[in-house]
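Computed from heavy atoms alone, side chains included, the values below leave out hydrogens, waters and symmetry copies. The structure presented is a predicted model; accordingly, all values stated were derived computationally and were not measured.
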Amino acid sequence: MFRFAHPDFLYLLFILPVLVVFYVYALVLKKKAIKKYGNPKLLAELMPEVSLKRQHLKFWLLFGAITLVIFVIAGPQFGSKLETVKRQGVEIMVCLDVSNSMLAEDVTPSRLDKAKQMLSKLTDGFTNDKVGLIVFAGDAFTQLPITSDYISAKMFLSSINPSMVSTQGTAIGAAINLAARSFTPNEASDKAIVLITDGENHEDDAVGAAKAAAEKGIHVNIIGMGEPKGAPIPVPGSNNYMKDKDGNVVITKLNEQMCQEIAAAGNGMYARADNTNSALKALEKEIEKMNKSELDSKVYSEYDEQFQVLAWIALFLLIADFMTLDRKNRIFRKVKLFS
């Protein structure tokens with residue numbers, strides 16, 4: 001595959017036609033200036049060493065060099081082939097609550113946005129680990145199968161919103177069960193589920209699901225989002241808050257007790273997220289304790305920089321432009337190469 005590392009620099013190509021226009025304009029002005037002194041054909045006889053073709057050649061040599069330099073700056077690259085590499089790491093399945101209650105703003109900027117920020121920073125700390133992503137509300141869906149492609153993980157993470165799951169609720173048990181089935185089969189590395197939720201409107205047997213996961217050697221770690229005292233739920237795209245059927249503003253509260261029970265059953269840790277990074281640090285510390293083992297994973301190889309050839313050609317054109325004189329060489333005046 002082929003790509004440019006800095007494609008924005010390709011917009012500089014728009015200056016090339018401008019250079020051509022200015023060059024043509026300069027030639028027109030030069031012809032007008034010569035006509036002021038007399039007949040151009042007669043003046044040409046008086047200037048036998050002047051070569052218009054050499055001037056054209058110098059311009060196009062410089063034009064070609066500038067074009068190639070722009071492509072060099074854009075950073076042409078080849079690569080992106082799949083190859084199998086050996087890695088020492090762990091496997092993490094993230095289960096992210098995307099129910100409407102996660103829009104509450106008792107954590108800045110909101111419970112969901114704070115969770116996404118935490119996961120983005122958590123992913124930045126991964127090196128040889130595998131990560132997967134599940135979103136859930138009233139049901140659970142795999143957003144990203146377990147992978148070592150952290151760029152894709154962050155891309156999927158940035159697009160998450162409550163509209164991804166039409167059924168509202170908090171099916172924590174379904175999310176844990178789906179995550180437990182999503183790890184790489186027969187992999188010896190430690191496995192952990194990171195569940196990020198406010199725990200409200202709990203619908204199924206999440207404690208039983210966490211206990212079943214722990215029996216398989218999978219740790220279930222919980223990050224609680226929100227405050228126990230609660231907060232209203234903003235309506236997206238407006239300044240209003242969600243209301244119940246009686247017209248009362250809905251207050252969503254963190255079910256901290258339920259989150260703690262799930263973490264205890266899953267042999268994991270529980271931390272409540274706030275406007276600091278304390279919960280993230282606690283989670284990173286827990287993951288650091290896990291035993292890393294050798295993982296086989298298919299990843300894209302790095303793109304190879306391929307600007308060197310273009311750079312050498314651009315340098316050759318610049319040298320050729322410098323060595324080419326505007327006038328005919330007196331020694332080789334009889335050689336009709338440029339005239």
Undergrad: Counting only N and O atoms by type, is there a donor-acceptor contact under 3.5 Å from the side chain of Gln168 to the main-chain atoms of Asn100?
TA: yes
Undergrad: Mind checking whether Ile319 and Leu68 sit in one hydrophobic cluster, side chains of I, L, V, M, F, W, Y counted as touching below 4.5 Å?
TA: no
Undergrad: Where the side chain of Thr197 meets the backbone of Gly199, is there a donor-acceptor pair that is under 3.5 Å apart?
TA: yes
Undergrad: Roughly how far, to the nearest 0.5 Å, is CG of Leu195 from CE of Met225?
TA: 11.5 Å
Undergrad: Hey, mind stepping through Asn255 and Asp198 against side chain to side chain contact (heavy atoms under 4.5 Å, CB included) and telling me if it holds?
TA: CA-CA 6 Å; Asn255 191 341; Asp198 54 23; over 6 Å; no
Undergrad: Near Phe59 CZ, under 6.0 Å, is it more than 12 heavy atoms from other residues, nucleotides or ligands?
TA: yes
Undergrad: With a 4.5 Å limit on heavy-atom distance, are the side chains of Phe183 and Ile218 in contact?
TA: yes
Undergrad: Has the side chain of Lys58 got a donor or acceptor atom that lies under 3.5 Å from a matching backbone atom of Asp321?
TA: yes
Undergrad: So does Ile151 have more than 12 non-hydrogen atoms from other groups sitting under 6.0 Å from CD1?
TA: no
Undergrad: Roughly how far, to the nearest 0.5 Å, is the CG atom of Leu133 from the OG atom of Ser182?
TA: 10.5 Å
Undergrad: Treat each ILVMFWY residue as a node, draw an edge where side-chain heavy atoms are under 4.5 Å apart, and state whether Leu27 and Leu61 are in one component.
TA: yes
Undergrad: Does any N or O in the side chain of Glu200 come within less than 3.5 Å of the main-chain N or O of Leu254, such that one atom is a donor and the other an acceptor?
TA: no
Undergrad: When you look at Arg272 and Glu227, which way does the salt bridge (Lys or Arg N to Asp or Glu O under 4.0 Å) test go after all the steps?
TA: CA-CA 9 Å; Arg272 187 208 300 177; Glu227 295 287 341; 3.3 Å; yes
Undergrad: Counting C-beta onward and ignoring hydrogens, is there a side-chain heavy-atom pair between Phe136 and Val98 closer than 4.5 Å?
TA: no
Undergrad: Is a side-chain N or O of Asp97 found less than 3.5 angstrom from the main chain of Cys95, in a donor-acceptor match?
TA: no
Undergrad: Grab the two heavy atoms, one from Lys253 and one from Gly230, that are nearest each other, plus how far apart they are.
TA: CG-CA, 3.6 Å
Undergrad: Which pair of heavy atoms, one from Ala115 and one from Ile196, lies closest together, and at what distance?
TA: CB-CG2, 3.6 Å
Undergrad: Any side-chain heavy atom of Tyr270 within less than 4.5 Å of one from Glu256?
TA: yes
Undergrad: Regarding Asp139 and Thr167, is there a side-chain donor-to-acceptor distance under 3.5 Å anywhere?
TA: no
Undergrad: Just by modelled atom types, is the Thr127 backbone N or O under 3.5 Å from a matching donor or acceptor in the Tyr150 side chain?
TA: yes
Undergrad: Does CG in Asn239 sit with more than 12 non-hydrogen atoms of other residues, nucleotides or ligands closer than 6.0 Å?
TA: no
Undergrad: Between the side chain of Glu91 and the main-chain N/O of Ala192, is any donor-acceptor distance below 3.5 Å?
TA: no
Undergrad: Locate the shortest heavy-atom distance separating Leu122 from Glu284; write the atom from each residue and the value.
TA: CD1-CG, 3.8 Å
Undergrad: Between Asp129 and Val90, is there a donor-acceptor pair closer than 3.5 Å when you use the side chain of the first and the backbone of the second?
TA: yes
Undergrad: In this structure, would Trp312 and Ile73 fall into the same cluster of hydrophobic residues linked by side-chain contacts under 4.5 Å?
TA: no
Undergrad: Within the distance-only criterion (no hydrogens, no angle test), does the side chain of Asp205 pair as donor or acceptor with the backbone N or O of Gly208 below 3.5 angstrom?
TA: yes
Undergrad: Do Asp149 and Thr147 have a side chain donor and acceptor closer than 3.5 Å?
TA: no
Undergrad: Check whether the side chains of Arg111 and Thr252 place a donor and an acceptor atom closer than 3.5 Å, and report yes or no.
TA: yes
Undergrad: Can you hop from Leu280 to Val107 via hydrophobic side chains spaced under 4.5 Å?
TA: no
Undergrad: For Gln308, look at atom CD and say whether over 12 heavy atoms of other residues, nucleotides or ligands are found less than 6.0 Å away.
TA: yes
Undergrad: Fit a plane to each ring of Phe63 and Trp60, take the angle between them on a 0 to 90° scale, and name the class: parallel (under 30°), tilted (30 to 60°) or perpendicular (over 60°).
TA: perpendicular
Undergrad: Any idea which heavy atoms bring Lys130 and Ser148 closest together, and the distance?
TA: CG-OG, 3.5 Å
Undergrad: If you round to the nearest 0.5 Å, how far is NZ of Lys116 from CG of Leu96?
TA: 8.5 Å
Undergrad: Is Tyr23 close to His56 at the side-chain level, that is, under 4.5 Å between some pair of heavy atoms?
TA: yes
Undergrad: Can you see which heavy atom on Gly226 is nearest to which on Asp106, and at what distance?
TA: CA-OD2, 3.4 Å
Undergrad: Rounded to the nearest 0.5 Å, how far does CD1 of Ile134 lie from CD1 of Ile146?
TA: 9.5 Å
Undergrad: Just by distance, with hydrogens left out, do Asp113 and Ser110 show a side-chain donor and acceptor under 3.5 Å apart?
TA: yes
Undergrad: Quick check for you: to the nearest 0.5 Å, what is the distance between Leu103 atom CG and Ile233 atom CD1?
TA: 7.5 Å
Undergrad: Would you give the length of the straight line joining atom CG of Leu12 to atom CZ of Phe71, rounded to the nearest 0.5 angstrom?
TA: 11.0 Å
Undergrad: To check you understand the geometry: which heavy-atom pair defines the closest contact between Val235 and Met242, and what is its length?
TA: CG2-N, 3.6 Å
Undergrad: Test your reading of the model: is there a side-chain donor-acceptor pair from Asp204 to the backbone of Gly173, 3.5 Å cut-off?
TA: yes
Undergrad: Could you see if Leu315 belongs to whatever hydrophobic cluster contains Val69? Use Ile, Leu, Val, Met, Phe, Trp, Tyr and a side-chain cutoff under 4.5 Å.
TA: no
